[in-house]
Amino acid sequence: MPSSSLQEICALFGQPVAGNPTQFMIEKAFVHHGLEWRYLTLEVAPADLADAVRGMRAMGFQGGNITKPHKVAVIELVDRLSDAAARMGAVNCIVREGNELVGENTDGKGFIESLRGVTDPTDKRVVLLGAGGAARAIGIELALAGAAAITVVNRTVDRGQQLVDMLNANGAVSATLAAWEGEYPVPAETQVLVNATSIGLNDPEARIPVKLDACPPGLVVADVVVSPPDTRFLAEAKAHGATTLDGLGMIVNQGAIGFKLWTGVDPDKTIMREAVEEFLGL
Ligand code: NDP
């Protein structure tokens, strides 16, 4: 239950913890909604993760986010998993329910909510660049949302194949792998193209090696990269006539989902987006 008299605490466990947009965004929303809560960023070494989660229980934390490198290891330390976290094999959010700590995953849900602002993922043919944590979360939620087909394009073939196998085991989606060698020619029938790699992160000039020449103007192109959000990938897609979606919507929506799970309050997403933009100096 939300409380205005008690100081509740959420936490972000992981590395690096300095300069985190999520903390800035969540703290602004606490203030906006009159909640005397705190969101801390706490750097935790892998060997100390179990103690940190025990500390979370002992100190009555209402939950927290879990980031690299703890998203998989923390599974053994919570009491149970949500359906999405179990399917993905990764937790990015912990929620206290009574005396239990529940492992959730909000990354993919945040992306889907953002995507729904420009298109319905149902029956869409998707090309997903990357097979890391963000791609797994997005891929599973796309499958659950009824995407027709997902082509995973990844540099490391084994990792890509693991994601394809996971997707084919979840829902009716048909997933296939394309090994990423040189320029990937995006197939003409693609309706949604997602960059879920870290290419472009802190590097506005970074170019993603894909060819968009065959794609129709109705294509939706999304990027998960938050900093900077106006990536070269999105600029090139826009020049091809595509509808583009930056990574800010995903971070705001995943933050809003966690906020509601922890506090019971539906946060004002405009305030949260403005906070992320302020943090990034936009
Ligand atoms: P991971 O390290 O788990 O995965 C990185 C992925 O990028 C892998 O598939 C990797 O391929 C690929 N990759 C990296 N460099 C290259 C390259 N030069 N060429 C081809 N492929 C490359 O990272 P995450 O999945 O955790 O994060 C990915 C991005 O998503 C980051 O920018 C992160 O900030 C962002 N993110 C955004 C969120 C949001 O709310 N907007 C939420 C979560 C993440 P390979 O397997 O071959 O190494």
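Values below: all heavy atoms of this structure, side chains included; hydrogens, waters and symmetry mates excluded.
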Just by modelled atom types, is the [Y] backbone N or O under 3.5 Å from a matching donor or acceptor in the [X] side chain?
| X | Y | value |
| --- | --- | --- |
| Arg96 | Leu101 | no |
| Arg116 | Pro121 | no |
| His33 | Asp268 | yes |
| Asp48 | Ala50 | no |

Can you list the steps and then say if Gln161 with Asp165 is a side-chain hydrogen bond (donor to acceptor under 3.5 Å, both in side chains)? CA-CA 6 Å; Gln161 190 60 50; Asp165 293 344; 3.0 Å; yes
Taking the side chain as every heavy atom from C-beta outward, state whether [X] and [Y] have any atom pair closer than 4.5 Å.
| X | Y | answer |
| --- | --- | --- |
| Phe111 | Thr106 | no |
| Leu248 | Leu280 | yes |
| Leu142 | Val173 | no |
| Val224 | Ile138 | yes |
| Asp213 | His240 | yes |
| Glu27 | Trp37 | no |
| Lys269 | Glu113 | yes |
| Gln254 | Ile251 | yes |

The test is side-chain contact (heavy atoms from CB on, under 4.5 Å); show your working for Gln191 and Val220 and say whether it passes. CA-CA 6 Å; Gln191 293 165 297; Val220 171; over 6 Å; no
Please list all pairs passing the side-chain hydrogen bond (donor to acceptor under 3.5 Å, both in side chains) test where one or both residues lie in residues 78-87, with sequence neighbours left out.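 Matches after skipping sequence neighbours: Arg57-Asp79, Arg80-Glu97, Arg80-Glu100, Ser82-Glu104, Asp83-Arg87, Arg87-Asn170.
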Write out all pairs satisfying side-chain hydrogen bond (donor to acceptor under 3.5 Å, both in side chains) with one or both partners inside residues 174-186, taking only residues at least two apart or from two chains.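 Checked against side-chain hydrogen bond (donor to acceptor under 3.5 Å, both in side chains) - neighbours excluded - the pairs reaching residues 174-186 are Glu183-Arg207.
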Treat each ILVMFWY residue as a node, draw an edge where side-chain heavy atoms are under 4.5 Å apart, and state whether Val276 and Leu245 are in one component.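 In one cluster with Val276: Leu245, no.
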Do you reckon Val91 sits in the same ILVMFWY cluster as Val44, going by side-chain contacts under 4.5 Å, direct or chained?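 Yes: a chain of side-chain contacts under 4.5 Å links Val91 to Val44.
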At their closest point, which heavy atom of [X] faces which heavy atom of [Y], and how far apart are they?
| X | Y | answer |
| --- | --- | --- |
| Ile26 | Trp262 | CD1-CZ3, 4.1 Å |
| Ala131 | Gly160 | CB-CA, 3.8 Å |
| Ala90 | Asn105 | O-ND2, 3.0 Å |

Ion pair Arg232/Glu236, N-O distance below 4.0 Å: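 Here Arg232 pairs with Glu236 in a salt bridge, since their nearest N and O are under 4.0 Å apart.
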Look at atom CG of Asp120 and say whether more than 12 heavy atoms of other residues, nucleotides or ligands are closer to it than 6.0 Å.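 Count over threshold, so yes.
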Check the pair Thr197, Asn195 against side-chain hydrogen bond (donor to acceptor under 3.5 Å, both in side chains), reporting the backbone distance first and the verdict last. CA-CA 6 Å; Thr197 74; Asn195 173 38; 2.7 Å; yes
Checking side chain to side chain donor-acceptor pair (under 3.5 Å) between Thr231 and each of Asp246, Asp223, Asp203, which is the one that passes?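 For Thr231, the side chain to side chain donor-acceptor pair (under 3.5 Å) test succeeds with only one of Asp246, Asp223, Asp203, which is Asp223.
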From CA spacing to verdict: side-chain hydrogen bond (donor to acceptor under 3.5 Å, both in side chains), Asn92, Asp107: CA-CA 7 Å; Asn92 82 324; Asp107 277 338; 3.1 Å; yes
